[in-house]
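A short worksheet on the structure shown next.
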There are 2 protein chains.
Amino acid sequence: MKISSRFSIAVHILSLLAIQPSGHSTSDWIAGSVGTNPVIIRRVLGQLKKVKLVTVRAGSGGAFLAKSLSEINLLAVYRAVDVVEEGRLFHIHEEPNPACPVGANIQAVLELLLSRAQEAMEKILADVTMEELVNVLSKQIEARA
Amino acid sequence: MKISSRFSIAVHILSLLAIQPSGHSTSDWIAGSVGTNPVIIRRVLGQLKKVKLVTVRAGSGGAFLAKSLSEINLLAVYRAVDVVEEGRLFHIHEEPNPACPVGANIQAVLELLLSRAQEAMEKILADVTMEELVNVLSKQIEARA
DNA sequence: TCTTGTTGTAACTATAATGATTACAACGAA
DNA sequence: TTCGTTGTAATCATTATAGTTACAACAAGA
């Protein structure tokens, strides 16, 4: 099991739009940087557009950031691309036997404990903004230039 | 995307073995409590056996805890059933364009930041023992009895 | 020793998600 | 009006999950 690469692709797209704000960022051009098909990019852009993280120009083409980087955190991106149903990172088996004491109560206990683990993960995502990420990325680019 | 229910099934099995240590815990009987097929149970038991969390009696049948509950934490169970490849909760797109500054560096940055999120989640799992879980479960059982 | 119930596994199926791709109508600016 | 682009549907291959049948190997009691 892995969380869909839609998430990392979305972060890649936002980074491009931040670092290359002047360019004509068409789905074709973005796809060239991400290494995938333009349709994949359009689909992710559609999801980012729906939550107003980007604007996309139909017809003439091009995508643009709709918020400043400091206003975008990774959890918002993660939610936007819908890679994990909210509160449902762990799949708890759905039909334990209600006639068995353990079966009747295990779901509630697992939900309680596992949601904590999930929340810890999401808190880290919420605490990282695209601004910080782009800073790290820019330093990395300079260091290897 | 969801983390396979093998994990929650494994926790269910261990809870049963803890709460019902006297019984004859065959895969058939366990399957009745979990609400699935005995073969599913045998496969999970096989994984738990491999890391010495349980012993299983071939022939005459039955599974038994091989460690005390306080020695088993949820991360060990999670690892045992192999639901997430180590360090790979997030699938980072694999072929960004090395000729593009962002493409050439995004993987390293994402790996750094996302592994932190993953580690935060796993730390919670590591901090919960089966002993604590069974305590919570037992209280839940009593409260609803 | 034979019988019985169980485990361990292979093989197969159905279902769902992912990622890629083709195709094309709708759009917008030059 | 043309041309490049977006938005979206449809299709496909691949993979993982969960369930199921089948059966050899096994262990212990009768």
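Please read all numbers here as calculations on a predicted model, not as lab measurements. Quick note on labels: first sequence line is chain A, next is B, and so on, each numbered from 1.
Using a 4.0 Å cut-off between charged nitrogen and carboxylate oxygen, A:E122 and A:R79 count as a salt-bridge pair.
Inter-residue side-chain proximity for B:E71 and B:T129 is flagged as unmet; no heavy-atom pair is nearer than 4.5 Å. Between A:K139 and A:V136 there is no side-chain heavy-atom pair separated by less than 4.5 Å.
Counting to the nearest Å, the C1' atom of C:dT9 and the CG atom of B:L45 are 14 Å from each other. The NE2-P distance, from B:H12 to D:dA18, rounds to 15 Å in whole Å. Counting to the nearest Å, the C1' atom of C:dA17 and the NE2 atom of A:H91 are 13 Å from each other. The distance from atom NZ of B:K2 to atom C1' of D:dA18 is 13 Å, rounded to the nearest whole Å. As a whole-Å value, the separation of A:F90 CZ from D:dT17 C1' is 17 Å. When the P atom of C:dG5 is taken as reference, atom NE2 of B:H24 falls 12 Å away, rounded to whole Å. Distance A:E94 CD to C:dT15 C1': 13 Å, rounded to the nearest Å.
Although no hydrogens or angles enter the test, the distance criterion places a donor-acceptor pair under 3.5 Å between the side chain of B:R6 and the main chain of B:D82.
Annotation: A:K2, atom NZ; neighbour count of heavy atoms from other residues, nucleotides and ligands within 6.0 Å is above 12. Within 6.0 Å of the CZ atom in A:R57, the count of heavy atoms belonging to other residues, nucleotides or ligands exceeds 12.
Scanning all heavy atoms of the two residues, the minimum distance from A:A80 to A:Q47 falls at O-CB, 3.6 Å.
Among A:E94, A:E111, A:H93, the single residue meeting the side-chain hydrogen bond (donor to acceptor under 3.5 Å, both in side chains) criterion with B:S8 is A:H93.
For B:S4, no side-chain nitrogen or oxygen approaches OP1 or OP2 of D:dA16 to under 4.0 Å. A close approach under 4.0 Å does not occur between any side-chain nitrogen or oxygen of A:R42 and OP1 or OP2 of D:dT8.
Comparing B:M1 and A:R43 along DNA chain C, the residue whose closest nucleotide (by nearest heavy atom) sits nearer the 5' end is B:M1.
Contacts between residues 25-41 of chain B and DNA chain D, defined by a heavy-atom separation below 4.0 Å, involve B:T36, B:N37, B:V39, B:I40, listed by number. Non-hydrogen atoms lying under 4.0 Å from DNA chain D are contributed by B:A58, B:G59, B:S60, all within residues 46-66 of chain B.
Sorted by first and then second residue, the ring-ring contact (aromatic ring centres under 6.0 Å, His included) pairs involving residues 39-88 of chain B (not counting sequence neighbours) are B:F7-B:Y78.
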